[in-house]
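Below: one structure, written as structure tokens.
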Amino acid sequence: MVYTRRDVSTLTRSERRRFVAALLELKQRGEYDEFVRMHIDHYVADGEGGLRTAHMAPSFLPWHRRFLLDLETALRRVDDSVTLPYWDWTRNRTTTSVPWTEDLLGGNGRRSDHQVMTGPFAFVHGRWTITEGLTDIEYLTRDFGYPRNPVGLPTARDLDAVLSDPVYDKAPWNSMSSGGFRNRLEGWGRGTGNTSWLTHNRVHRWVGGHMVGGASVNDPVFWLHHAFVDLLWTRWQRRHPDAHYLPAAPPPRGNAQRGRVVARHERMRPWRLTPAQLEDVGHIYRYA
């Protein structure tokens, strides 16, 4: 049966409670930290050697689509009424709106050390200890808006410009690709500072704390953010029905990206699926 993913702002109190409870149960079982480790392991940057599947590559979108499905499947084993909600950051843009409420994800970190002190994922409750990270910090951190060099959330106008690009991706198939829907949505800009954080990346920077870097899965907002990114891919597909994942074939021999990116019909690690198999998931879920 096809299920529905909804805007987090439309969830009832009961739905919010059940979603949070399912996440906390996965954490208690140790399953949640497996997702954190997996994302860290597959966060491979341009400057590193080897295959890139999760980031700075064409497979950014199908990789995270499958990643979300795996987490959602785990949540539904706990409570089959739960689906992943999405956070539309073009509409819910304040530090006190959803999902930053006491009954959902809690709010910003405190000024001194960015530790989140409110909501069910606050360290003080003893149910959300960071065990898989890039530092030894055990508590969840956030730093809304990055006050040291303030950054704002992307706007609907920003997104319209991204969605208007008719080509899925372009050579050199990495963070330096000029144009192409994938890289514009992932948000690798030129230069330094705020100008280099665009779209998806800018949201990670805006939330701050654990959301910056490969261990970003430690913040549950990761899933709500990426569910919206996944919805944006769906909207792009509807706007450009004849466009498909690129590259269609592996880069030729001698190309610097050969063996470093996944073509449309190649296996996308760590799964045995190809990007082509994840282009249409309408038989699994839909968005409201």
Might you point out which heavy atoms bring Val203 and Pro154 nearest each other, and give the distance in Å? CG2-CD, 3.7 Å

Please walk me through it: do Arg269 and Leu51 pass side-chain contact (heavy atoms from CB on, under 4.5 Å)? CA-CA 9 Å; Arg269 296 176 185 173; Leu51 178 68; 3.8 Å; yes

Is the His204 ring parallel, tilted or perpendicular to the His200 ring (thresholds 30°, 60°)? perpendicular

Quick one: are Tyr32 and Trp128 in side-chain contact, heavy atoms under 4.5 Å? yes

Regarding Arg5 and the six-membered ring of Phe228, is the cationic atom NZ or CZ under 6.0 Å from the ring centre and inside 45° of its axis? no

With the threshold set at 4.0 Å, does a side-chain nitrogen-carboxylate oxygen contact exist between Arg37 and Asp41? no

Is the shortest side-chain heavy-atom distance between Phe123 and Thr141 below 4.5 Å? no

Could you tell me the separation between the CG atom of Leu69 and the CG atom of Leu273, rounded to the nearest 0.5 Å? 9.5 Å

Does CE in Met176 sit with more than 12 non-hydrogen atoms of other residues, nucleotides or ligands closer than 6.0 Å? no

Is Asp46 salt-bridged to Arg52, going by a charged N under 4.0 Å from an acidic O? yes

Can Leu105 be reached from Ile130 by stepping across I, L, V, M, F, W or Y side chains whose heavy atoms are under 4.5 Å apart? yes

Any side-chain heavy-atom pair from Ile137 and Asp113 closer than 4.5 angstrom? no

Without swapping roles, check the side chain of Asn108 against the backbone of Phe144 for a donor-acceptor pair under 3.5 Å. yes

Closest heavy-atom contact between Pro120 and Glu102? CD-O, 3.3 Å

Can a salt bridge be assigned to the pair Arg77 and Glu31 using a cut-off of 4.0 Å between side-chain N and carboxylate O? yes

Checking the side chain of Thr101 only, and the main-chain atoms of Val98 only, is there a donor and an acceptor separated by less than 3.5 Å? no

Do we get Arg205 above Tyr146's six-membered ring, with its NZ or CZ under 6.0 Å from the centre and within 45° of the axis? yes

So CG of Leu159 and OG of Ser164: to nearest 0.5 Å the spacing works out to 10.5 Å

Using the side-chain contact (heavy atoms from CB on, under 4.5 Å) rule, take Ser59 and Val261 through it: C-alpha gap first, then chi angles, then the decisive distance, then the call. CA-CA 8 Å; Ser59 51; Val261 299; over 6 Å; no

Going from CG on Asp79 to CD on Glu15, what distance comes out if it is rounded to the nearest 0.5 angstrom? 10.5 Å

Are the side chain of Arg6 and the backbone N or O of Ala288 linked by a donor-acceptor pair below 3.5 Å? no

So, Tyr287 versus Tyr285, ring centres under 6.0 angstrom or not? yes

Main-chain N/O of Leu231 paired to Trp236 side chain as donor or acceptor, under 3.5 Å: no

Any side-chain to backbone donor/acceptor pair from Asn194 onto Pro150? Under 3.5 Å, distance only. yes

Any non-hydrogen side-chain atom of Lys170 less than 4.5 Å from a side-chain atom of Ser178? no

Between Trp87 and Phe222, does the ring centre distance come in under 6.0 Å? no

Take Asp33 and Lys27 through the salt bridge (charged side-chain N to carboxylate O under 4.0 Å, His left out) test and state the conclusion after the steps. CA-CA 7 Å; Asp33 289 334; Lys27 181 70 169 177; 2.8 Å; yes

Is the closest basic N to carboxylate O distance between Asp219 and Arg142 below 4.0 Å? yes

Can you find a heavy atom in the side chain of Thr131 that is under 4.5 Å from one in the side chain of Glu138? no

Taking the six-membered ring for Trp and the single ring otherwise, decide whether the centroids of Trp223 and Phe67 are under 6.0 Å apart. yes

I want to check something: taking the side chain as every heavy atom from C-beta on, are Val262 and Pro58 in contact at a cut-off of under 4.5 Å? no

Is it true that Trp271 and Asp70 share a donor-acceptor pair across their side chains at a distance under 3.5 Å? yes

Run the side-chain contact (heavy atoms from CB on, under 4.5 Å) test on Leu198 and Val162 for me, step by step, so that the C-alpha distance in whole Å, both residues' side-chain angles and the decisive distance to 0.1 Å come before the verdict. CA-CA 10 Å; Leu198 306 173; Val162 172; over 6 Å; no

Could you tell me whether Arg239 and Asp160 have a side-chain N and a carboxylate O separated by less than 4.0 Å? yes

When you look at Arg76 and Glu72, which way does the salt bridge (charged side-chain N to carboxylate O under 4.0 Å, His left out) test go after all the steps? CA-CA 6 Å; Arg76 289 168 68 80; Glu72 195 165 44; over 6 Å; no

Kindly say whether Leu163 contributes a backbone atom to a donor-acceptor pair with the side chain of His240 at under 3.5 angstrom? yes

Are Phe35 and His39 close enough that their ring centers fall under 6.0 Å? no

Exam field: side chain Asp103 to backbone Arg13, donor-acceptor pair closer than 3.5 Å: no

Correct closest heavy-atom pair for Trp100 and Thr95 would be CB-O, 3.5 Å

Side chains of Thr234 and Arg65, donor plus acceptor under 3.5 Å: yes

If hydrophobic residues (ILVMFWY) are linked whenever their side-chain heavy atoms come closer than 4.5 Å, directly or via other members, who joins Trp197 in its cluster? Val212

When you measure from the side chain of Gln115 to the backbone N and O of Gly109, does any donor-acceptor pair fall under 3.5 Å? no

Centroid-centroid under 6.0 Å between His210 and His114 rings: no

Between Tyr3 and Ile284, does a side-chain contact (heavy atoms from CB on, under 4.5 Å) hold up when you go through it step by step? CA-CA 7 Å; Tyr3 57 84; Ile284 303 174; 3.9 Å; yes

How long is the gap from CG on Leu23 to CG on Leu71, to the nearest 0.5 Å? 6.5 Å

Backbone of Asn174 reached by a side-chain donor or acceptor of Arg182 within 3.5 Å: yes

Candidates His55, His225, His42 - the one meeting ring-ring contact (aromatic ring centres under 6.0 Å, His included) with His64: His55

From Leu278 atom CG to Leu61 atom CG, the distance as rounded to the nearest 0.5 Å: 11.0 Å

Less than 6.0 angstrom separating the ring centers of Phe181 and Trp233, yes or no? no

Between Pro270 and Met38, the two heavy atoms sitting closest are CG-CE, 3.2 Å

Is the number of heavy atoms from other residues, nucleotides or ligands under 6.0 Å of Asn149 CG greater than 12? yes

Looking at side-chain heavy atoms only, is the closest gap between Arg93 and Thr155 below 4.5 Å? yes

At what distance, to the nearest 0.5 angstrom, does CG of Leu75 lie from CZ of Phe19? 6.5 Å

Using only heavy-atom distances, determine whether the side chains of Arg184 and Thr199 contain a donor-acceptor pair under 3.5 Å. no

Apart from Tyr43 itself, what residues make up its hydrophobic cluster when side-chain heavy atoms of I, L, V, M, F, W and Y under 4.5 Å apart count as a link, directly or indirectly? Met56, Trp188

Non-hydrogen atoms of Asn218 and Gly133 that approach each other most closely: ND2-CA, 4.1 Å

Without swapping roles, check the side chain of Asp143 against the backbone of Gly208 for a donor-acceptor pair under 3.5 Å. no

Within the structure provided, determine whether Arg190 and Ser196 are in side-chain contact (heavy-atom separation under 4.5 Å). no

